[in-house]
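What follows is a set of notes on a single structure, which appears directly below.
Computed from a predicted model, the values in this text were never measured in an experiment.
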Amino acid sequence: MLDVAGTTLSDADIRRIDHPNTGGIILFARHFQDRAQLVALTNAIREVREDILIAVDHEGGRVQRFRTDGFTILPAPGKLGALWDRDVLLATKTATAFGYVLAAELRACGIDMSFTPVLDLDYGHSKVIGDRALHSDSRVVTMLAKSLNHGLALAGMANCGKHFPGHGFASADSHVAMPVDDRSLDEILAADVKPYDWLGMSLASVIPAHVIYPQVDEKPAGFSRVWLQEILRGKLGFNGAIFSDDLSMEAARAGGTLTEAATAALTAGCDMVLICNQPDEAEKVLDRLTFTQTKASQTRLRRMRPRGRAWHWGKLMTQVEYQQALALVKSALG
């Protein structure tokens with residue numbers, strides 16, 4: 001999964017999208033001018049490859065790529081956790097509405113999935129996570145995420161829990177450094193990993209953390225067969241798709257090439273690797289990658305495709321369910 005250069009497709013973009021090793025496109029704020037342009041872009045991508053997966057990081061709060069021309073500016077997910085502490089039932093109901101508004105608006109513009117929800121626990125000292133986390137209690141995170149995932153599903157969108165097994169305890173930002181979490185496996189399993197276990201079949205996909213847990217494995221989780229195969233797939237029985245976090249991030253490089261990083265992540269158990277904000281470098285990986293994807297992996301990724309027809313924006317704005325969900329999010333979360 002890679003991105004495109006601008007707000008319209010260039011010949012180089014079309015060449016990369018059409019490459020047999022390309023499975024997805026991820027969009028960022030720089031790809032958005034207004035809704036009409038965004039719809040034209042996603043339509044143009046599908047004209048090249050109808051089966052491609054178009055994704056975005058759209059969580060609410062600090063991480064929301066499209067914020068103008070009608071898109072609802074969603075509050076940080078942490079506000080759902082704060083609401084839980086005041087009113088459990090209202091919080092779960094609002095989380096479903098939150099997920100529905102998020103997904104319905106994206107799907108109306110041709111986006112297949114958002115990499116959400118964040119399942120990291122809020123330990124209070126990770127600046128990169130912060131209020132992106134739903135709560136500090138793994139039980140609350142699980143229940144809110146399950147409700148949010150229900151809202152996504154009602155709009156036909158799959159979900160993606162991140163960052164397995166948990167990025168909330170490590171203080172460093174993996175975009176610019178290598179975070180380390182020195183806790184024991186038992187400590188991590190007893191807290192951070194619990195949402196991935198308890199969500200069970202309702203969890204469609206996962207992004208592992210660019211974090212090293214030295215008491216478990218010397219490799220970051222996204223490159224670790226211990227974390228992805230033995231624990232996530234084996235111990236937890238997870239059967240969904242695994243997407244790598246962005247391999248362009250500092251914590252993913254480890255001095256090697258992007259092709260080496262992509263091969264290592266796929267070999268460890270990722271189904272699709274992300275290379276963001278470097279389309280030319282991503283093309284080199286596409287050309288050099290020799291990894292053979294299994295049929296099981298292909299099946300897992302096909303399940304990430306959206307379900308049902310998306311509402312056109314104008315009709316969505318008049319849909320009763322959308323209007324009710326939007327009103328609830330605004331009244332409950334401010």
Side-chain angles (χ1 to χ4, degrees), residues 1-5 12-28 45 48-49 51-57 112-113 115 160-165 167 173-179 205-213 217-233 238 240-302 304:
M1 181 176 284
L2 63 153
D3 55 353
V4 295
D13 288 323
I14 293 171
R15 182 178 65 246
R16 287 187 282 264
I17 293 168
D18 201 36
H19 197 288
N21 278 335
T22 299
I25 297 294
I26 184 168
L27 300 179
F28 293 91
I45 292 169
V48 182
R49 285 275 298 280
D51 63 336
I52 205 159
L53 190 67
I54 303 178
V56 67
D57 278 322
D112 297 323
M113 68 170 293
F115 290 117
C160 182
K162 60 186 186 185
H163 309 80
F164 178 83
H167 200 319
D173 181 350
S174 54
H175 293 86
V176 295
M178 174 58 77
S205 67
V206 163
I207 286 181
H210 286 328
V211 176
I212 293 177
Y213 308 85
D217 192 2
E218 63 183 9
K219 298 177 181 178
F223 301 91
S224 167
R225 288 187 64 86
V226 175
W227 280 114
L228 301 186
Q229 299 290 347
E230 295 179 19
I231 299 175
L232 182 60
R233 295 246 186 254
F238 177 69
I242 302 176
F243 296 89
S244 82
D245 209 342
D246 179 12
L247 298 184
S248 301
M249 292 162 61
E250 185 63 32
R253 295 180 185 178
T257 66
L258 277 173
T259 302
E260 291 169 340
T263 301
L266 291 166
T267 301
C270 289
D271 295 298
M272 185 179 285
V273 294
L274 276 68
I275 300 176
C276 306
N277 300 308
Q278 297 189 60
D280 292 334
E281 292 300 312
E283 186 166 14
K284 294 177 184 177
V285 178
L286 292 174
D287 290 337
R288 296 169 182 171
L289 196 62
T290 58
F291 186 86
T292 301
Q293 190 179 37
T294 66
K295 289 185 178 180
S297 181
Q298 293 171 356
T299 298
R300 288 191 289 265
L301 289 170
R302 279 198 297 270
M304 298 305 299

Measure the [atom1]-[atom2] distance between [X] and [Y] for me, rounded to the nearest 0.5 Å.
{"X": "I45", "Y": "I52", "atom1": "CD1", "atom2": "CD1", "value": "7.0 Å"}
{"X": "Q293", "Y": "D271", "atom1": "CD", "atom2": "CG", "value": "7.0 Å"}
{"X": "K284", "Y": "T257", "atom1": "NZ", "atom2": "OG1", "value": "10.5 Å"}
{"X": "S205", "Y": "R300", "atom1": "OG", "atom2": "CZ", "value": "11.5 Å"}
{"X": "M113", "Y": "I26", "atom1": "CE", "atom2": "CD1", "value": "9.0 Å"}
{"X": "D3", "Y": "C276", "atom1": "CG", "atom2": "SG", "value": "6.0 Å"}

State, with a plain yes or no, whether a side-chain heavy atom of [X] is found less than 4.5 Å away from one of [Y].
{"X": "D57", "Y": "K162", "answer": "yes"}
{"X": "S248", "Y": "N277", "answer": "no"}
{"X": "L301", "Y": "F243", "answer": "yes"}
{"X": "F164", "Y": "I242", "answer": "no"}
{"X": "L266", "Y": "L289", "answer": "yes"}
{"X": "V226", "Y": "I231", "answer": "yes"}
{"X": "V211", "Y": "H163", "answer": "no"}
{"X": "M1", "Y": "L53", "answer": "yes"}

Please report the closest heavy-atom contact between [X] and [Y], naming both atoms and the distance.
{"X": "S224", "Y": "A268", "result": "N-CB, 3.7 Å"}
{"X": "N21", "Y": "L286", "result": "ND2-O, 2.8 Å"}
{"X": "C270", "Y": "G222", "result": "SG-O, 3.7 Å"}

Would you call D287 and R16 a salt bridge, taking side-chain N to carboxylate O under 4.0 Å as the test? no
Checking the side chain of [X] only, and the main-chain atoms of [Y] only, is there a donor and an acceptor separated by less than 3.5 Å?
{"X": "R15", "Y": "E283", "answer": "no"}
{"X": "T299", "Y": "K295", "answer": "yes"}
{"X": "D112", "Y": "I54", "answer": "yes"}
{"X": "D13", "Y": "A5", "answer": "yes"}
{"X": "R233", "Y": "G240", "answer": "yes"}

Partner of V285 by side chain to side chain contact (heavy atoms under 4.5 Å, CB included), out of T263, V273, L2, T259: T259
Determine whether M178 and I212 satisfy the following criterion, side-chain contact (heavy atoms from CB on, under 4.5 Å), listing intermediate values before the conclusion. CA-CA 8 Å; M178 174 58 77; I212 293 177; 3.7 Å; yes
Under the side-chain contact (heavy atoms from CB on, under 4.5 Å) criterion, do I25 and R49 qualify, and how do the steps go? CA-CA 10 Å; I25 297 294; R49 285 275 298 280; over 6 Å; no
CA sep, side-chain torsions, deciding dist, call: L228, V206, side-chain contact (heavy atoms from CB on, under 4.5 Å): CA-CA 10 Å; L228 301 186; V206 163; over 6 Å; no
Would you call the rings of H210 and F223 parallel, tilted or perpendicular if under 30° counts as parallel and over 60° as perpendicular? parallel
